[in-house]
Structure formats: structure tokens, C-alpha cells
2 protein chains.
Amino acid sequence: MQTSDRIIEAATRLIKKNGYRGVSTKAIATEAKVNESTVFRQFGSKQGILEAIIERHSDIPQFEKLLKEDATDNPEVDLLNVSQQYRLFFHKNADIILIGIRDKGMLPELDRVLAEPPVKLHSLLVEYFERLQKKKVIAKQDERLTAMSFLSMCYGFQMSELIHRQYQSQLVTEEEFYKHSVSLFVKGILSQS
Amino acid sequence: MQTSDRIIEAATRLIKKNGYRGVSTKAIATEAKVNESTVFRQFGSKQGILEAIIERHSDIPQFEKLLKEDATDNPEVDLLNVSQQYRLFFHKNADIILIGIRDKGMLPELDRVLAEPPVKLHSLLVEYFERLQKKKVIAKQDERLTAMSFLSMCYGFQMSELIHRQYQSQLVTEEEFYKHSVSLFVKGILSQS
DNA sequence: AATGCATGCAAGTACACGCTTGCAAGTCTG
DNA sequence: CAGACTTGCAAGCGTGTACTTGCATGCATT
């Protein structure tokens with residue numbers, strides 16, 4: 001494996017565990033089984049390593065397609081797809097999400113990148129629910145709030161998995177959680193108030 | 001105001017912003033308008049300040065009462081109460097929750113204290129939903145998953161407020177979110193599948 | 001074989017940080 | 001007023017850390 005890859009992986013592992021400021025370049029070098037000077041020759045500075053980590057994960061999810069072109073307008077199907085995609089997004093980016101939370105403010109760009117997907121998804125969900133209301137598929141309701149409820153449910157589940165995994169994991173599996181939550185949620189939005 | 005109070009407040013402010021390791025004792029002293037040596041005379045060490053911050057917030061919520069003695073067994077009422085209490089818990093402890101997330105692992109006791117309430121609340125909700133099912137108030141369902149859905153919804157909303165406030169706040173207010181979410185959720189658990 | 005490149009190694013620099021200490025000044029209490 | 005206590009101030013100690021540099025070594029390409 002490439003030297004720089006080993007360094008990035010080592011850094012990711014350590015920063016996830018101890019935070020950016022809690023990890024020294026020497027520790028990263030040792031973990032990567034590399035001399036410290038090599039780290040600087042490759043990345044210039046400690047911050048450079050962090051930037052490389054983020055660059056490697058630039059993988060923004062595409063919810064647009066799921067809720068527009070590919071939408072079946074059967075909410076149970078579409079929302080399950082969205083939740084799967086959201087879940088995938090969390091898995092793929094678990095590393096930088098954790099780092100972004102721990103070391104918020106270290107890299108403004110990271111903050112922005114991480115804050116964006118939820119906002120974007122919220123507005124897409126609003127549009128989606130609006131359409132379903134017009135089509136009388138779901139009851140009349142405040143779509144902003146409905147979208148927020150759904151989003152919070154997914155976000156909350158994923159965040160608690162990320163943050164508290166070692167304490168409370170495996171109360172329920174991801175599969176069953178989403179299956180149950182989506183169907184419960186759909187029942188809620190179908191019925192007339 | 002007491003010198004030590006000023007120090008604790010200053011430290012809380014700074015640690016929330018920059019993380020424990022991102023804040024120097026000198027910076028804390030300056031922020032508190034106190035000499036650095038005074039900080040050490042009062043708290044012994046930097047870690048001592050952190051412990052004092054946590055001690056000051058030892059304020060564990062009581063969901064037990066809400067879901068047992070005080071329960072009306074009208075889920076709309078009870079769940080709204082629970083959500084209010086949960087929300088209050090987040091507000092009261094916003095400081096140490098944020099610090100706990102940022103500096104996870106710094107203080108094992110803090111990790112534990114913060115991981116506990118959600119787990120506890122989950123098991124209380126499970127009991128509650130079990131009872132309502134036996135009483136035929138709500139449909140038959142897997143109460144573990146139902147509890148998790150509700151909990152994730154509340155947790156997710158509060159966490160995103162805490163973490164991303166500056167980016168996405170005020171899409172919706174807390175009041176309307178909980179009112180809407182609880183009623184949507186209750187519709188979901190009432191209806192027969 | 002010669003050249004260039006990536007790396008290891010050892011030493012070192014500059015600085016920030018946690019923490020200590022001795023002394024002087026101010027405040028509060030009996 | 002005397003004594004105890006708190007604080008400010010200035011200096012300093014030891015350590016860890018980001019980062020640099022010069023040299024030697026091995027490897028690959030030409």
C-alpha cells in the first residue's frame with residue numbers, strides 16, 4: 001500500500017478516537033509505521049493531513065433522484081428508499097462525521113459539508129410531501145413539520161449509533177428500525193386528522 | 001460573583017466552542033478576568049475545572065414518574081409530556097452534552113452519564129407501550145421498535161439543534177415540532193396494520 | 001552504471017502549555 | 001488592630017508538539 005494511504009488511515013483512526021488536537025503527528029507516524037518527517041514531506045502540515053482525509057471522502061449523497069424522477073409516490077416505498085440512502089450516507093462518511101463533530105470549527109469547510117445534506121434533504125422532503133398532498137395520497141398537513149419529523153427520526157437513529165454505539169448498540173438492528181419506523185410514519189401521514 | 005463561578009462559566013463557554021484540548025488555562029483565566037495562578041489555586045488542575053463543570057450540572061431527568069404514576073394512558077398526552085421533559089433535559093444540560101460529545105473519552109464518567117438517559121427512557125417507553133397494547137389502546141406492534149422510533153425522533157431533533165444550530169436553526173420551532181410529531185406518531189401507533 | 005526519488009534517522013528549533021512559587025496587596029472577621 | 005484568606009503579578013520549570021534539515025540508504029527507471 002502507498003505510504004500516504006497508510007498515513008491517512010492511521011490519522012483517521014486516531015483522530016476519530018482522540019480528536020484532532022488529541023493526536024500528535026508523531027503518534028500518527030508511529031501508527032502508520034512511518035517516520036515523522038515523512039508525514040510532513042507528504043502533507044506539509046498537520047492540517048494538511050486533515051484536509052486529505054476530508055478530500056478522500058467527498059461523497060455527497062443524491063437524494064434528488066430518489067424523490068423526483070425515481071419516486072413512485074407510494075410514500076412507504078419512497079421513504080424507505082430515502083432512509084436507506086441516508087443510512088448509506090452515514091456509513092460511508094462515518095469517519096468524517098465523527099471528526100466533524102469532535103473538531104467542529106477546525107475546518108469551516110467540513111462544518112459546511114456536514115451541515116448541508118440534512119438541510120437539502122429537508123427541502124426535498126417538503127416538496128415531496130407537498131406533491132403527495134396535492135395528489136391526495138396523504139392527508140393535509142404542515143409539510144415542513146412532517147419532513148422535519150421524518151428527518152429527525154433518521155438523523156437521531158444514525159447519530160446515536162455513531163456516538164453511543166459502545167453503550168447502547170444492538171437494541172435494535174438498522175433494518176428492522178427503518179422498516180418499522182417508515183411504516184409507522186406512513187400510517188401517521190395517511191390518516192385524516 | 002464568586003471568582004470560581006466566573007472561572008467555571010468562562011471555561012464552559014470556551015470549551016464548548018473549542019473543545020477541552022483546544023482551550024488553554026491561560027485563555028480561561030483571561031476570559032474570566034482572573035490571573036492564571038488563581039485558576040490553579042481554585043481547581044488544582046485543568047482537569048479539575050472540567051470536573052467542576054460537570055458536578056455543577058448533575059441533574060438527571062425523571063421520566064419514571066411521567067410514564068408510570070402520572071400517566072394518563074392517553075398516548076398523545078403522555079408522549080407530549082415526555083417530549084417536553086426530554087427537551088428540558090437537553091436545554092438544561094446543553095453545555096455538558098456538547099462538551100461530552102466533543103471531548104468524548106476525556107472523562108469516562110461524563111460519557112456514562114450522557115449515555116444513560118436515552119437507554120433508560122427507551123426501556124420505560126417499552127414498558128409503557130406494552131401496557132397500552134394490553135389495554136388495547138394502541139395496535140399490536142413491536143414495542144421495542146416503536147419506542148426507538150419515538151426516541152430517535154426526539155433525540156435527532158435536539159441533537160441537530162445543538163450541533164447545527166448556526167446553520168439550519170429556525171426551520172421550525174420546538175413547540176410546533178413536538179406538537180406535530182407527537183400527534184403524527186400517535187396516529188401511527190393507533191391504527192391497525 | 002548512473003540518476004532521481006522516496007524514505008529513515010537523528011538532531012534540533014521555537015513555542016505553547018500545564019503547573020509552581022514567592023511576594024506584595026487587598027479584604028474580611030473576630 | 002491582628003491574623004487568615006484570597007488574589008494579582010512575574011518569573012520560571014519541564015514537557016510535548018509542530019515542523020525542519022542534512023545525510024545516508026535503498027529502489028526503480030533509463
Side-chain angles (χ1 to χ4, degrees), chain A residues 1-56 95-96 98-100 102-110, chain B residues 1-56 95-96 98-100 102-110:
Chain A
M1 197 196 304
Q2 210 57 323
T3 310
S4 58
D5 293 336
R6 285 218 317 283
I7 296 174
I8 289 190
E9 282 184 20
T12 305
R13 225 173 304 140
L14 293 178
I15 295 178
K16 244 174 40 175
K17 202 183 337 162
N18 304 334
Y20 178 78
R21 294 188 230 240
V23 171
S24 69
T25 52
K26 187 177 225 156
I28 293 173
T30 307
E31 174 91 6
K33 295 190 176 99
V34 155
N35 192 275
E36 195 183 353
S37 59
T38 301
V39 172
F40 285 97
R41 284 194 264 246
Q42 291 271 0
F43 298 97
S45 69
K46 190 185 176 186
Q47 180 104 358
I49 311 174
L50 187 55
E51 283 159 16
I53 292 177
I54 292 161
E55 206 174 320
R56 178 155 305 208
D95 289 347
I96 57 164
L98 272 174
I99 293 174
R102 283 206 92 125
D103 298 295
K104 204 155 138 49
M106 270 310 312
L107 224 60
E109 204 217 324
L110 179 54
Chain B
M1 196 197 304
Q2 210 54 324
T3 310
S4 57
D5 293 337
R6 287 219 316 284
I7 296 173
I8 288 190
E9 280 182 23
T12 305
R13 225 172 305 138
L14 292 178
I15 294 178
K16 245 173 42 175
K17 206 190 324 171
N18 303 331
Y20 178 77
R21 292 188 234 243
V23 171
S24 68
T25 52
K26 188 175 223 157
I28 293 173
T30 307
E31 174 90 7
K33 292 188 177 103
V34 156
N35 192 274
E36 194 184 355
S37 59
T38 302
V39 172
F40 286 97
R41 285 194 265 247
Q42 292 270 0
F43 298 97
S45 68
K46 190 186 177 185
Q47 180 104 357
I49 310 174
L50 187 55
E51 282 160 17
I53 292 177
I54 293 161
E55 207 173 320
R56 178 157 305 209
D95 289 346
I96 57 164
L98 271 173
I99 293 174
R102 283 207 91 128
D103 298 296
K104 204 155 138 49
M106 270 310 312
L107 225 58
E109 203 216 325
L110 179 54

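Letters A, B, ... mirror the listed sequences (proteins, then strands); counts begin at 1.
- Put simply, CD on Q2(B) is 13 Å from C1' on dC28(C), counting in whole angstrom units.
- Sorted by first and then second residue, the side chain to side chain donor-acceptor pair (under 3.5 Å) pairs with a member in residues 7-20 of chain A read R13(A)-E31(A), K16(A)-D95(A); sequence neighbours excluded.
- The distance from the CD atom of Q42(B) to the CD1 atom of I49(B) is 10.0 Å, given to the nearest 0.5 Å.
- With contacts defined as side-chain heavy-atom distances shorter than 4.5 Å, the pair L50(B)/I99(B) qualifies.
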Trace of the side chain to side chain contact (heavy atoms under 4.5 Å, CB included) decision for V39(A) with K26(A): CA-CA 9 Å; V39(A) 172; K26(A) 187 177 225 156; over 6 Å; no

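- Across all non-hydrogen atoms, the minimal contact from R21(B) to D103(B) is N-OD1, 4.1 Å.
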Contact pattern, 5' to 3', of nucleotides 9-21 of chain D - B, S or - by protein heavy atom under 4.0 Å: B-------SSBBB

